Amino acid sequence: MRRTRILTTVLALAAGLLAGTPPVLAAPSAPAPLAADTYTWKNARIDGGGFVPGIVFNRSEKNLAYARTDIGGAYRWQESTKTWTPLLDSVGWNDWGHTGVVGLASDAVDPNKVYVAAGTYTNSWDPGNGAILRSSNRGATWQKTVLPFKLGGNMPGRGMGERLAVDPNRNSVLYLGAPSGKGLWRSTDSGVTWSQVTNFPNVGNYVADPSDTSGYSSDNQGISWVTFDESTGTAGSATRTVYVGVADLQNSVYRSTDGGATWSRLAGQPTGYLAHKGVLDAENGYLYLAYSDKGGPYDGGKGRLWRYATATGTWTDISPVAEADTYYGFSGLTVDRQNPGTVMATAYSSWWPDTQIFRSKDSGATWTKAWDYTSYPTRANRYTMDVSSSPWLTWGANPSPPEQSPKLGWMTEALEIDPFNSNRMMYGTGATIYGTENLGNWDSGSQFTIKPMVQGLEETAVNDLASPPSGAPLLSALGDVGGFRHTDLTKVPSMMFTQPNFTTTTSLDFAESNPNTAVRVGNLDSGPHIAFSTDNGANWFAGTDPSGVSGGGTVATAADGGRFVWSPTGAGVHHTTGFGSSWTASSGIPTGAIVESDRVDPKTFYGFKSGKFYVSTDGGATFTASAATGLPSGDSVRFKALPGGKGDVWLAGGASDGAYGLWHSTDGGTSFTKLSNVEQADTIGFGKAAPGASYQTLYTSAKIAGVRGIFRSTDKGATWTRINDDAHQWGWTGAAITGDPRVYGRVYVATNGRGVVYGDSSDGGTGPGPGPDPTGACKVTYKVTSQWSGGFQADVQVTNTGTGPWNGWSLAWSFTDGQKLNQAWNAEAAQSGSTVTAKNVGWNGNVAAGSSVSFGFTANSSATNAKPTAFKLGDQSCTVA
């Protein structure tokens, strides 16, 4: 299945929702500081869900590995738990493009250092330039250098690479291959500054589709990879020989033998192909190259594998099959560093019947396959697959041979053998990371076991969310994998929504007074675009489409589940009673309107299009334009009606060049009042009321008091509390948000690449308010969250255990083992001698009684790293948890 990853963010950009690239968080402009609450953030587990185009093992430290995704950031492998830790959750709203990763490099000289080439699109969809993110603590924190051009983590060709590389001998030298004709770039100061290698002779010329006027498929894919021959340098001196891959069908590989001073095309190289990967075996003197006639990750008709002898210049075609028998390109490529004569490669675009993995033990002279035919269509596999940890990877399919379920994969452009463990291999697919830890069985004649190795890596784009008052706590509408019903947020659901299985679900809803009735709509190459459930989303059945439907659009369920209103792509708004066996066109509302239902009155539905709000009181048959004015003129709007409140409607949205914010109506949309304390808002959701409150809790992704974040209000929007922090921003969060009607403080946030994030509050429900400087009781929890040679990261939580609120705070402690503070987030921190003082920033100074505030920092340390035993808040000694 071809899973194009151009999702909600692009739609938002086209509507003008995001513009410019100012600093991630501007200083609050409101005179009163924002209240803040400490939240614990987790993912509703899906485990994977998106394309993983790159896996990088560090070559000098065992068990240190990273994965890059096309829209969901980067991750670090945690060997103790066999899980992945997200590293780019700190990317903020204005820099959302930096959640796309087109290159990643782990420093073999100093394994604490890791680099990311970030940027999602090279065309107008991403308004910001790309950046090099550099970390000296394995991705715990980052510093950024913005580049003078864009990068394309979600562009065609993103599976080639790695485009970013660190010199294995002189690690202050890095190279970056740029797209769009920008050429080859080099840094000589560990990624701080960059300059173009002006004498590099070829900027690339390959484009996937020159006729694409959007600039997506028509962009020059540029420089595709950089590989060093570490044998041509010594520690501290720049490596002399560097190979560079270029997206040019006739001139795909270049070399420098003088540390980048001069470059030349490798003589005798094959033509008519792009070199997706170049992997060097310095021990045997071979450069292996995986070729495809297309840039990937979806396409590829022909492919070859070649071996280049670095000493003699001899080229050898080592392809495992004849060219006439290839209908795919080669891309995934790896060498066993423990046994360098062992080479593996993938047929990345073999969609049917399955991908193929090839293995050679003799430097490519002979090959074996992961599977082969005994007699067509019967297959013999060298492997078994165990997807019990992610059972949805079967897609609920029961295909006919030679197809199997689950598949070995598709879009398999990342393939790596652990350099310290010949038995461990990982490879990326369009949906997950698979791996094995008994790869040696391949050669012994017994089967090796492939399992998902993806826990903790969540890469889905979320279009809509629903949390019913009974049944499953969470229903999700997702790009590429459709959506899920979570009965337990900590467990992977057994299956995505099926019957039908939409490639992308665009909208879903449930009946407020009958939550067993649910509806979802989405995109499908052929078949119906709507499905219904009568058991709270556990099972589904397809409806029928009105004439002309080409995509899901938005859908709404009547409060009692007796009727539905649907605004599909390709057709006008329609309504039906029952479960959509026939549809009738609605009148008075324009095509493409967003539709929602009143959560009390089963005959009242609402719509919005181009600045106008529409109301139907006859079950969606006819709509009337409201007289309300001043609403956003574009269509970047989300609105919802309050459960239990007839005619109580909240509307969020707009654009920076016009009306933008949050509006409230108590008369069914006849009139709206704009909240003056919300500068921008993009989503609105409701959750259980706070203790003692009668009105449901509001949640929004918004800009309030100059700060972009996730906010909560327990008093109808009169005051707001920021509930995320700078370390938890997740790029763009403008698609959907909802609270949980059963758990106060719980909120579900839609991200564009980091899955469904949910947060739980430490606030017992008392709202913030003005108060004196902190002099009451306090409690401190100090936790070292990551530690490495020469440094560590810690999180500190300060709880107000007194009876009055704090208006500003300052926490002090002493280090006893010579620790030296590096940097902090969510606090202004400084060190004098052994004493560290951390003060609130503008938005988190107010801390209500019973509430907490958290901040984090990194510091240098020796082997001993004793935790502080005493903390003072002003003059008050705190209890240490």
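The shown structure was predicted, so the numbers you read here are calculated from the model rather than taken from an experiment.
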**Study point:** Side chain proximity check, Thr342 to Ser360, heavy atoms < 4.5 angstrom
**Key:** no
Practice item. Determine whether the aromatic ring centres of Phe330 and Phe358 lie less than 6.0 Å apart. Key: yes
Point to revise | For the student: nearest non-hydrogen atoms of Trp185 and Pro148, plus distance | key: CH2-CG, 3.6 Å
Review point. Hey, are the side chains of Lys82 and Met453 touching, using non-hydrogen atoms and a 4.5 Å cut-off?
Key: no
Point to revise | Ion pair check, Arg68 and Glu459, cut-off under 4.0 Å | key: no
Review point. Going by heavy atoms in the side chains, are Pro127 and Trp96 under 4.5 Å from each other?
Key: yes
Practice item. Specify whether Tyr288 and Tyr286 have parallel, tilted or perpendicular ring planes, treating 30° as the upper limit for parallel and 60° as the lower limit for perpendicular. Key: perpendicular
Point to revise | Side chains of Pro156 and Gln221 in contact at under 4.5 Å (non-hydrogen atoms) | key: yes
Check your understanding: Taking the six-membered ring for Trp, are Trp263 and Tyr254 ring centroids under 6.0 Å apart?
Key -> no
Check your understanding: Does any non-hydrogen side-chain atom of Ile132 lie less than 4.5 Å from one of Leu164?
Key -> yes
Practice item. Give the C-alpha distance, both sets of side-chain angles, the deciding distance and a yes or no for side-chain hydrogen bond (donor to acceptor under 3.5 Å, both in side chains) between Ser135 and Lys113. Key: CA-CA 5 Å; Ser135 174; Lys113 292 183 177 180; over 6 Å; no
**Study point:** Exercise: identify the closest heavy-atom pair between Gln338 and Asn421
**Key:** CG-N, 4.4 Å
Review point. Thinking salt bridges, do Asp126 and Lys150 make one under a 4.0 Å N-O criterion?
Key: no
Review point. For the residue pair Trp732 and Trp93, does the interplanar ring angle fall in the parallel (under 30°), tilted (30 to 60°) or perpendicular (over 60°) class?
Key: tilted
Practice item. On the 0 to 90° scale, with breaks at 30° and 60°, tag the Phe792-Phe857 ring pair as parallel, tilted or perpendicular. Key: perpendicular
Practice item. Answer yes if the side chains of Asp219 and Thr122 hold a donor-acceptor pair under 3.5 Å, and no otherwise. Key: yes
Review point. Going by heavy atoms in the side chains, are Tyr175 and Ile223 under 4.5 Å from each other?
Key: no
**Study point:** Shortest non-hydrogen contact between Glu79 and Arg424, atoms and distance
**Key:** OE1-NH1, 2.9 Å
Check your understanding: With a 4.5 Å heavy-atom cut-off, do Ile433 and Leu457 have their side chains touching?
Key -> yes
**Study point:** Donor on one side chain, acceptor on other, Asp795 and Thr785, under 3.5 Å
**Key:** no
Check your understanding: According to the interplanar angle, ranging from 0 to 90°, do the rings of Tyr308 and Trp315 count as parallel (below 30°), tilted (30 to 60°) or perpendicular (above 60°)?
Key -> tilted
Practice item. For residues Leu280 and Val335, determine if any side-chain heavy atom of one lies less than 4.5 Å from a side-chain heavy atom of the other. Key: no
**Study point:** Salt bridge present between Arg240 and Asp229 (N-O < 4.0 angstrom)
**Key:** no
**Study point:** Stepwise side-chain hydrogen bond (donor to acceptor under 3.5 Å, both in side chains) test for Ser422 and Asp336
**Key:** CA-CA 6 Å; Ser422 298; Asp336 184 346; 2.9 Å; yes
